[in-house]
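Structure first, then comments.
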There are 2 protein chains.
Amino acid sequence: MSETAARPLRADAERSVRAILEAAERVLSKDPGASMEQIAAAAGVARTTIHRRFAHRQALIDALASSAARQLVEAVEDGRPDTAPPLVALHRITANVLEVKGAWAFALELPADPGSEAAALHEDIGRRCITVLERARADKLIDEAADLHWVRRVYYALLGESLRGSPDDTGIDTDTLAARVIDTLLHGAGPRT
Amino acid sequence: MSETAARPLRADAERSVRAILEAAERVLSKDPGASMEQIAAAAGVARTTIHRRFAHRQALIDALASSAARQLVEAVEDGRPDTAPPLVALHRITANVLEVKGAWAFALELPADPGSEAAALHEDIGRRCITVLERARADKLIDEAADLHWVRRVYYALLGESLRGSPDDTGIDTDTLAARVIDTLLHGAGPRT
DNA sequence: ATTAACTGCATCGGATCTGTTGCAGTTATG
DNA sequence: CATAACTGCAACAGATCCGATGCAGTTAAT
């Protein structure tokens, strides 16, 4: 309820904003301290244009975080965390999130300060995540005594590690990666019985 | 064979260097873009003193990475990865590493460029890590078909997540954290049989 | 105790980045 | 087509940071 306001931009300008956000992600993920000039160049835009849409540098960062967080919410929603069978939901959500997080890694690892839109969205995602895990536990997929908050942290860590892309898994499709994440989450590295 | 050379510093100066490195870790972990002035202040030292020991800012960063990497090697060695029973070694190494990595998080997550001392040390650690995992697999602790490189990545991720310190586990001793990491690594979140 | 190392302070030049403004030219939109 | 929105370019002031240097005072070492 804070920045989706400002009456519609011209189709023209809207493209610029998207180009800027995408360029920011690309550039900042390689060098978090990159200058506005570098971002502008990557976006194919003059530096002043960025300042017209985003007052401060921080405003750009915030918008980037919000935009990415919204996409992540969508990725989770699409997996029907409340209705689909837990294992199905887990797989679908994982694959979706891997895709989004792969494209917006920098923006999503940004420390969202409390009160921001991004922070609220991430909290929402966190809750939905716990929901899925609870449903999975009810289906005996997860140990009854397990601490779901720890399980969630492990899940997040596995997601992060998955798209860290080692030389090995270049060009592996998202579904395969998702399957590995979930298998590891549920069974670890120990011998299968 | 590159920088441990320079004849011995005065006991005096050696303390300064240590103070600077510790301050750098502290300050940079909170703000990777912090100025030399901030680091100097945190070290209780004048900014020029830093420049006397470390020519460029990058030189300080490199020294920080090397110092931390050396401590990490020590932490691994201490766990007797080649001789102790795999499970014992794993636990001990994990506990040690958690301690070191907790104190030098920034320095250890630094992208070590190829050729640097830190890079060589990390490669060495990586090899030793694989060794322990192989020995664990020989003891049937790990599935025979498991990809040890993936297992190692998961292990690293779990270590990283462990010392991310959620509000829950403040003041939990290192051994408990280590136990949780290893348990999760070997069994995941699934039900125990 | 003498020497050499070390440090703090003040100051310098140079470089880089941010955020702003004015103007002229282009492009969408009704 | 006429207006208003949008953009690039150029130039600006202000701030910040880096790396270096000279000097005077303190501290460790032999």
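To find a chain, count down the sequence lines: A is the first, B the second, and so on, and within it residues start at 1. Not measured: the values here are computed from a predicted model.
- The CD1 atom of Ile50(B) sits 9 Å away from the P atom of dC18(D) (whole-angstrom rounding).
- Going from atom CG of Leu163(A) over to atom CG of Leu108(A) covers 9.5 Å, rounded to the nearest 0.5 Å.
- Residue contacts shown for Gly44(A) are limited to sugar-phosphate atoms, with no base heavy atom under 4.0 Å away.
- Rounded to an integer number of Å, the gap from Arg47(A) CZ to dT21(C) P is 14 Å.
- When the nearest nucleotides of DNA chain D are assigned to Glu37(B) and Arg10(B) by heavy-atom distance, the more 5′-ward of the two goes with Glu37(B).
- Comparing dC6(D), dG19(D), dT29(C) by their nearest atom to the side chain of Met36(B) picks out dG19(D).
- For the pair Gln38(A) CD and dT18(C) C1', the interatomic distance rounds to 14 Å; values are reported in whole Å.
- Atoms CG and CZ, on Asp183(B) and Arg192(B) in that order, are 4.5 Å from each other to the nearest 0.5 Å.
- With rounding to whole Å, Asp12(B) atom CG is found 14 Å from dT30(D) atom P.
- Contact annotation: Thr49(B) reaches the phosphate of dG8(C) (side-chain N/O to OP1 or OP2, under 4.0 Å).
- Taking 4.0 angstrom as the limit, Arg52(A) places none of its side-chain polar atoms (N or O) nearer than this to OP1 or OP2 of dA5(D).
- Using a 4.0 Å cut-off between charged side-chain N and carboxylate O, Asp124(A) and Arg128(A) make a salt bridge.
- One interatomic measurement links the two molecules: CD1 of Ile20(B) to C1' of dG8(C), which rounds to 13 Å at whole-angstrom precision.
- Taking only side-chain nitrogens and oxygens, Ser16(B) comes nearer than 4.0 Å to OP1 or OP2 of dT7(C).
- Between Leu185(A) atom CG and Arg152(A) atom CZ the span is 13.0 Å, to the nearest 0.5 Å.
- Salt bridge absent: Arg153(A) and Asp147(A) never bring a charged side-chain N and a carboxylate O closer than 4.0 Å.
- Closest to the side chain of Thr48(B), out of dC9(D), dC9(C), dC18(D), is dC9(C).
- Whole-Å rounding puts the Phe54(A) CZ to dT20(C) C1' distance at 18 Å.
- Note on Arg53(B): a side-chain N or O is less than 4.0 Å away from OP1 or OP2 of dT7(C).
- The side chain of His51(B) contributes no N or O atom lying less than 4.0 Å from OP1 or OP2 of dA20(D).
- To the nearest angstrom, C1' of dT7(D) lies 20 Å from CZ of Arg18(A).
- Residue Leu9(B) contributes atom CG, which lies 14 Å from atom C1' of dA4(C) at whole-angstrom precision.
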